[in-house]
Amino acid sequence: MGALDDGRFMLTVETLTDPEGTFDVTVADGRSDVPGVLFAVGGGGDPKRHAPLLEALAAKGHAVVAPHFTRIGPAVEEAHLLVRARRLRQALEAFVPGARRAVGIGHSIGATTLLALAGAVPWLGPGRPVAIEPLSRLSALALLAPTTGFFRAPGALDGVGVPLYVHAGSADAITPPSHAELLRDTLSDRVGVELHVTSGAGHFSFMHAPPPGTTEPLADRDAFLGGLVRDLQAFAAS
């Protein structure tokens with residue numbers, strides 16, 4: 001890890017090892033007086049698809065920690081959530097050690113994993129809760145096109161006690177706005193929930209490099225992403 005000449009911090013890729021093998025983590029050094037950022041990628045598993053966002057956060061002095069994962073499909077299994085939660089925790093402890101607080105930012109199933117680390121209990125079906133140890137260092141979450149169907153069991157979101165920035169797209173056929181609205185309707189009485197729904201945005205509009213073959217519904221995705229990056233920079237700094 002290292003700093004650019006103008007004082008911004010650049011992204012590098014490091015490698016960690018856990019009981020299941022090695023995994024890569026995109027990281028950037030940061031200042032100690034601002035929160036770290038723990039980024040949880042969606043089902044595709046590659047945070048490089050969000051590289052301009054991560055670079056923009058690093059440019060503001062945030063330490064950035066973004067583990068890489070294998071693709072999830074066709075269905076989310078308990079092992080997927082457990083591995084992702086464990087590696088997110090391990091990566092944060094490795095690259096932002098100590099008690100320094102961190103803001104979680106996640107897309108799609110990454111948002112699901114961050115909610116679990118913030119105290120929610122995901123359910124994969126009747127009688128199938130997934131036990132994930134909360135990560136107390138998370139002080140706020142920004143959730144992009146979140147997948148929240150895992151949290152419809154009674155009390156599943158009761159453990160969440162941090163403020164949320166939630167952003168959905170009206171044209172998202174994978175996680176429609178009702179997923180984000182569940183968080184507002186369930187949690188706004190206890191924690192701050194800032195909900196945004198962008199007209200015409202789809203599930204992959206939140207990615208700077210969407211998967212090949214996807215069709216972008218927004219007329220000007222670059223303008224949308226520019227505003228999103230500014231929102232997330234402000235949220236991470238608050």
Task: 4.5 Å side-chain heavy-atom contact, D231 and E194 - done: no
Open item on the list: Do L144 and L232 make a side-chain contact, defined as non-hydrogen atoms from C-beta onward lying under 4.5 Å apart?
Closed with: yes
Task: Worked check of side-chain contact (heavy atoms from CB on, under 4.5 Å) between Q233 and L57 - done: CA-CA 6 Å; Q233 284 178 318; L57 292 163; 4.3 Å; yes
- [ ] Please report the shortest heavy-atom distance between Q90 and T17, naming the atom on each side.
- [x] NE2-O, 2.9 Å
Open item on the list: Using modelled atom types and a 3.5 Å cut-off, is there a donor and acceptor pairing between side-chain atoms of R71 and backbone atoms of G45?
Closed with: no
- [ ] Specify the closest pair of heavy atoms between A201 and P217, including all atoms of both residues, with the distance to one decimal.
- [x] C-CG, 4.2 Å
- [ ] Using a 4.5 Å cut-off on heavy atoms from C-beta on, say whether the side chain of V229 contacts that of P52.
- [x] no
- [ ] For the residue pair F206 and F224, categorise the inter-ring angle as parallel (less than 30°), tilted (30 to 60°) or perpendicular (more than 60°).
- [x] perpendicular
TODO: Starting from the C-alpha separation in whole Å, work towards a yes-or-no answer on side-chain contact (heavy atoms from CB on, under 4.5 Å) for T148 and T175.
DONE: CA-CA 8 Å; T148 64; T175 56; over 6 Å; no
TODO: For residues W123 and G127, report the shortest heavy-atom separation together with the two atoms involved.
DONE: CZ3-N, 3.7 Å
TODO: Specify the closest pair of heavy atoms between A120 and L157, including all atoms of both residues, with the distance to one decimal.
DONE: CB-CD2, 3.9 Å
TODO: With rounding to the nearest 0.5 Å, note down the distance linking CG in L195 to CG in L187.
DONE: 11.5 Å
Open item on the list: Do D18 and R87 have side chains that approach each other closer than 4.5 Å (heavy atoms only, starting at C-beta)?
Closed with: yes
Task: F204 reachable from L218 in the ILVMFWY side-chain graph, under 4.5 Å edges - done: no
TODO: Apply side-chain contact (heavy atoms from CB on, under 4.5 Å) to R152 and L182, showing your working.
DONE: CA-CA 8 Å; R152 297 188 180 275; L182 173 70; 3.9 Å; yes
Task: Any donor-acceptor N/O pair, R190 side chain to V160 backbone, under 3.5 Å - done: yes
TODO: Please report the closest heavy-atom contact between T70 and R84, naming both atoms and the distance.
DONE: O-NH2, 3.3 Å
Open item on the list: Would the distance check show the side chain of R221 and the main-chain N or O of M207 forming a donor-acceptor pair, the cut-off being under 3.5 Å?
Closed with: yes
TODO: Return yes if some donor-acceptor pair links the side-chain N/O of R89 with the main-chain N/O of E133 below 3.5 Å, else return no.
DONE: yes
Task: Within-4.5 Å side-chain heavy-atom neighbours: L115 and T112 - done: no
Open item on the list: Checking the side chain of S170 only, and the main-chain atoms of G200 only, is there a donor and an acceptor separated by less than 3.5 Å?
Closed with: yes
Open item on the list: Using side-chain heavy atoms (C-beta onward) and a distance below 4.5 Å, is K48 in contact with H68?
Closed with: yes
- [ ] For H179 and T147, test the side chains for any donor-to-acceptor distance below 3.5 angstrom and give the result as yes or no.
- [x] no
Task: In one Ile/Leu/Val/Met/Phe/Trp/Tyr side-chain cluster, 4.5 Å: L11, F23 - done: yes
Task: Validation row, ring centre F39 to ring centre H107 under 6.0 Å - done: no
Task: 4.5 Å side-chain heavy-atom contact, P210 and R49 - done: no
- [ ] For R100 and V34, indicate whether the former's side chain and the latter's backbone hold a donor-acceptor pair under 3.5 Å.
- [x] yes
Open item on the list: Do L183 and L117 land in one hydrophobic cluster if side-chain heavy atoms of ILVMFWY residues count as linked below 4.5 Å?
Closed with: yes
TODO: Drop me the distance from L135's CG to T113's OG1, to the nearest 0.5 angstrom.
DONE: 12.5 Å
TODO: State yes or no: do L88 and I132 share one hydrophobic cluster built from I, L, V, M, F, W and Y residues joined by side-chain heavy-atom distances below 4.5 Å, directly or via other members?
DONE: yes
Task: Verify same cluster id: V191, V103 (apolar side-chain graph, 4.5 Å) - done: yes
Task: For A28 against M10, the heavy-atom pair lying closest together - done: CB-O, 3.5 Å
Open item on the list: Within this structure, what is the NE2-NE2 distance for the pair H50 and H208, rounded to the nearest 0.5 Å?
Closed with: 9.5 Å
- [ ] Spell out, as yes or no, whether a donor-acceptor pair under 3.5 Å connects the side chain of E77 to the backbone of L124.
- [x] no
Task: With L38, the side chain to side chain contact (heavy atoms under 4.5 Å, CB included) member among V64, I105, V65 - done: V65
TODO: Side-chain contact test, heavy atoms from C-beta onward, threshold under 4.5 Å: evaluate it for T12 versus D29 and give yes or no.
DONE: no
